[in-house]
Amino acid sequence: MPKMGLKNLFFFKTSPSPPSSSPTRTFSDSLMDQNIETARAIISKWELISPSDQAAPLFSNTRQEAKQYLNAVMSLQSTMQHLVALDSSSDTLIQAHFLMQLAMKRLQTEFYRILTQNRDNLDPESVASTDHRSSSVSDDGTDFSDDEFRFAGDSVSTVAMADLKAIAECMVSAGYSKECVKIYILMRKSMVDEALYHFGVERLTFSQIQKMDWEVLESKIKSWLNAVRFAVRTLFHGEKTLCDYVFGSPERKIAESCFAAVCREGAESLFAFPEKVAKCKKTPEKMFRTLDLYEAISDNRQQIESIFSSESTSCIRSQVTVSQARLGEAARTMLINFESAIQKESSKIPLPGGGIHPVTRYVMNYIAFLADYGDALAEIVADWPQNSLPESYYRSPDREGKNRSSEIAERMAWLILVLLCKLDGKAELYKEVALSYLFLANNMQYVVVKVRNSNLGFILGEDWLTKHELKVKEYVSKYEHVGWNKVFLSLPETPTAEQARAILECFDVAFHDACKAQFSWVVPDPKLREEIKASIASKFVPSHRELFEKYQVGSETVFGLTPDDLEHSLSDILSGSVSSSHSPSPPHRFKRP
């Protein structure tokens with residue numbers, strides 16, 4: 001029998017109704033009978049006796065048999081269209097329809113077998129990395145050629161995908177798309193659900209999430225963060241690739257609806273989780289996991305929109321939009337609560353030694369972590385009303401214009417300002433004025449160092465840093481003036497020999513009193529501590545040394561503290577305690593050796 005190409009037969013199925021011209025112009029009765037007999041011989045050879053029939057697979061080895069089988073089915077389908085046009089109740093049409101049912105039953109079995117036996121080979125990662133340029137069925141509707149069934153050197157996944165595509169095109173063309181799609185959805189949906197479950201994605205209700213302890217919920221969030229990147233960039237991407245390949249022609253809508261059925265439930269469950277988390281009670285400690293969720297959606301948003309671009313998956317796009325919006329609202333609420341918590345901090349006991357207050361550490365660490373989410377926060381606080389601050393307070397002159405960067409800078413600067421105002425109130429709790437200034441210097445130094453050593457430095461700018469570094473120096477200067485002024489004033493610039501002894505006595509008393517008053521005071525920052533010590537020493541040690549050496553060298557006795565005693569005593573100040581070996585003692589006399 002001469003082979004009749006589908007190109008000549010297939011034009012009848014491009015329209016749901018038979019062509020108006022007489023079908024006898026294309027098919028003769030003998031040719032139709034011949035097509036039916038050829039199909040009968042091939043289809044009957046591969047007929048399944050029962051659903052559990054374990055016959056040899058049709059799609060194996062060189063695929064020669066599969067090629068003949070599919071061509072026979074396609075020819076049978078075209079013949080049936082001509083028979084319908086001639087006589088829709090003819091016995092020949094009934095026989096052809098019976099053969100078509102047998103063929104579809106066999107192809108359904110083959111489709112299911114390929115999907116089942118190739119679960120590992122058709123995992124999303126393998127599918128996404130497979131070269132899909134060739135197909136086992138040509139795009140123009142011609143019959144299956146030998147070249148299109150050559151798989152030498154092809155991967156197992158490539159071969160399996162080509163077989164699935166060939167079967168799907170044949171079944172869809174024959175009007176059995178529902179049967180084909182049903183099997184596909186059944187098999188692939190289970191794989192998607194299994195993959196998401198493996199990554200810890202659960203179908204949790206809001207009530208279940210709301211009742212979880214934070215530690216448990218945080219663990220769920222971590223699992224979600226690991227899952228979403230895999231799901232978007234591998235799982236859903238691979239499933240869409242496979243669906244588009246298997247069902248991408250001739251009708252695109254089949255691929256879209258099939259992909260939606262396979263992934264919709266899993267995707268909706270995955271992307272609804274952040275919205276449910278965002279609805280929970282908003283407390284400051286939940287901020288960073290909330291921002292992690294927000295960032296994860298932002299980072300994958302473009303690919304999500306691309307993968308779920310069809311009308312049948314619009315609900316998934318909507319869910320992603322809602323989840324991200326709810327997360328943004330939750331983050332804004334937590335920022336408000338955080339600011340309120342700073343303002344409401346009400347401890348009335350001054351911190352011993354004037355060190356770094358716990359609220360300073362907590363707030364600055366919190367804000368520094370916030371700065372690591374600069375891009376996400378810039379989106380979240382965009383166009384959000386904020387207490388007005390002069391832009392010069394938080395921006396360098398070279399960064400002009402109101403933009404997202406300036407908005408986040410304003411927000412961060414405002415939170416720090418709220419903290420600094422709170423610290424001003426804490427400083428007033430100290431009875432010693434000098435200690436209150438030392439407290440402010442310590443805490444301002446901590447703020448400045450935290451800003452400079454984190455992303456806050458980039459956000460707030462060098463100008464902000466310079467201004468607040470000057471504030472540290474200002475507080476240090478006031479501490480020195482109040483805490484050491486008596487010591488400074490006890491050494492006049494031009495003392496006489498007669499005044500020397502009285503001056504040194506007065507100096508020793510003032511120095512002793514200053515050290516005694518400050519023995520428990522502390523400067524935690526080593527660099528700042530050494531700078532303060534050096535500054536204090538520079539204001540009286542040289543004068544004292546000059547006076548001491550000028551009027552006591554050669555004297556039978558030495559009165560009071562020597563220059564070395566001063567340096568030893570100064571080395572121990574502002575450390576929180578004073579070593580007994582270097583403690584300044586009251587003025588005394590001792591024999592020079």
Side-chain angles (χ1 to χ4, degrees), residues 214-215 218 282-292 331 334-374 377 393-394 408-409 411-430 432 434-460 464-465 467-476 479 518 520-532 574-577:
W214 171 240
E215 292 75 15
E218 187 176 26
K282 283 81 174 171
T283 53
E285 70 269 14
K286 296 179 181 178
M287 169 66 85
F288 302 106
R289 288 304 177 192
T290 300
L291 292 174
D292 284 336
M334 282 183 248
L335 279 175
I336 293 172
N337 293 344
F338 176 62
E339 178 183 333
S340 177
I342 300 172
Q343 293 171 332
K344 291 179 181 178
E345 202 283 333
S346 57
S347 61
K348 297 297 183 181
I349 301 175
L351 189 69
I356 300 165
H357 200 283
V359 74
T360 305
R361 295 183 186 275
Y362 175 74
V363 170
M364 288 310 302
N365 285 331
Y366 194 95
I367 297 174
F369 279 126
L370 283 179
D372 291 336
Y373 297 88
L377 278 175
Y393 178 77
Y394 61 89
I408 190 63
R411 185 66 54 176
M412 297 296 100
W414 173 257
L415 290 174
I416 294 175
L417 183 59
V418 171
L419 168 65
L420 296 179
C421 291
K422 176 60 64 174
L423 292 174
D424 284 341
K426 301 293 183 187
E428 294 175 359
L429 299 174
Y430 290 98
E432 303 90 344
L435 183 56
S436 69
Y437 284 125
L438 188 65
F439 170 81
L440 290 172
N442 281 328
N443 285 268
M444 182 65 79
Q445 175 73 0
Y446 186 87
V447 170
V448 169
V449 171
K450 183 63 70 172
V451 170
R452 185 170 291 283
N453 294 337
S454 69
N455 283 335
L456 282 169
F458 173 75
I459 292 173
L460 295 175
W464 186 98
L465 279 163
K467 290 176 181 178
H468 287 77
E469 285 170 346
L470 289 175
K471 290 294 291 184
V472 175
K473 293 179 180 179
E474 179 184 333
Y475 290 139
V476 168
Y479 151 73
Q518 300 183 33
S520 64
W521 296 7
V522 63
V523 176
D525 186 284
K527 183 174 179 291
L528 179 62
R529 182 168 62 246
E530 294 307 314
E531 288 176 354
I532 293 175
L574 305 180
S575 297
S577 63

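A quick note: this is a predicted structure, and the numbers were derived from the prediction, not measured. Numbers here are sequence positions counted from 1. Both backbone and side-chain heavy atoms feed into the values below; hydrogens, waters and symmetry mates do not.
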Side-chain heavy atoms of [X] within contact of [Y], under 4.5 Å:
X: V448; Y: L465; value: yes
X: V359; Y: L423; value: yes
X: F338; Y: V363; value: yes
X: L528; Y: V449; value: no
X: M364; Y: V451; value: yes
X: W521; Y: E432; value: yes
X: W414; Y: E339; value: yes
X: L415; Y: M412; value: yes

All heavy atoms of A413 vs all of W464, minimum pair found to be CB-NE1, 4.4 Å

What one should report as the nearest heavy-atom pair of A427 and S436 is O-CB, 3.3 Å

Regarding [X] and [Y], is there a side-chain donor-to-acceptor distance under 3.5 Å anywhere?
X: Y479; Y: Q518; result: yes
X: Y475; Y: N442; result: no
X: K426; Y: S347; result: yes

N/O donor-acceptor pair under 3.5 Å between N337 side chain and K282 backbone
yes

Look only at the side chain of R529 and the backbone of V523, and say whether a donor-acceptor pair between them is shorter than 3.5 Å.
yes

Please walk me through it: do Y366 and F288 pass ring pair (Phe, Tyr, Trp, His ring centres under 6.0 Å)?
CA-CA 9 Å; Y366 194 95; F288 302 106; 4.8 Å; yes

Approximate separation, where rounding is to 0.5 Å, of [X] [atom1] and [Y] [atom2]:
X: M444; Y: L470; atom1: CE; atom2: CG; result: 10.5 Å
X: I367; Y: Y362; atom1: CD1; atom2: OH; result: 10.5 Å
X: I532; Y: L574; atom1: CD1; atom2: CG; result: 6.0 Å
X: K450; Y: I416; atom1: NZ; atom2: CD1; result: 11.5 Å
X: K286; Y: L291; atom1: NZ; atom2: CG; result: 14.0 Å
X: L440; Y: D424; atom1: CG; atom2: CG; result: 6.0 Å

Only one of I459, D372, I408 forms a side chain to side chain contact (heavy atoms under 4.5 Å, CB included) with L377, so which one is it?
I408

N443 and side chain to side chain contact (heavy atoms under 4.5 Å, CB included): which partner among T360, L351, V472?
T360

Between K473 and E469, is the closest basic N to carboxylate O distance under 4.0 Å?
no

Are D292 and Y373 close enough, and set up right, to give a side-chain contact (heavy atoms from CB on, under 4.5 Å), and what steps lead you there?
CA-CA 8 Å; D292 284 336; Y373 297 88; 2.7 Å; yes

Is it the case that the ring center of Y437 lies less than 6.0 angstrom away from the ring center of Y430?
no

E531 and Q445: side-chain contact (heavy atoms from CB on, under 4.5 Å), yes or no, with the steps?
CA-CA 12 Å; E531 288 176 354; Q445 175 73 0; 6.0 Å; no

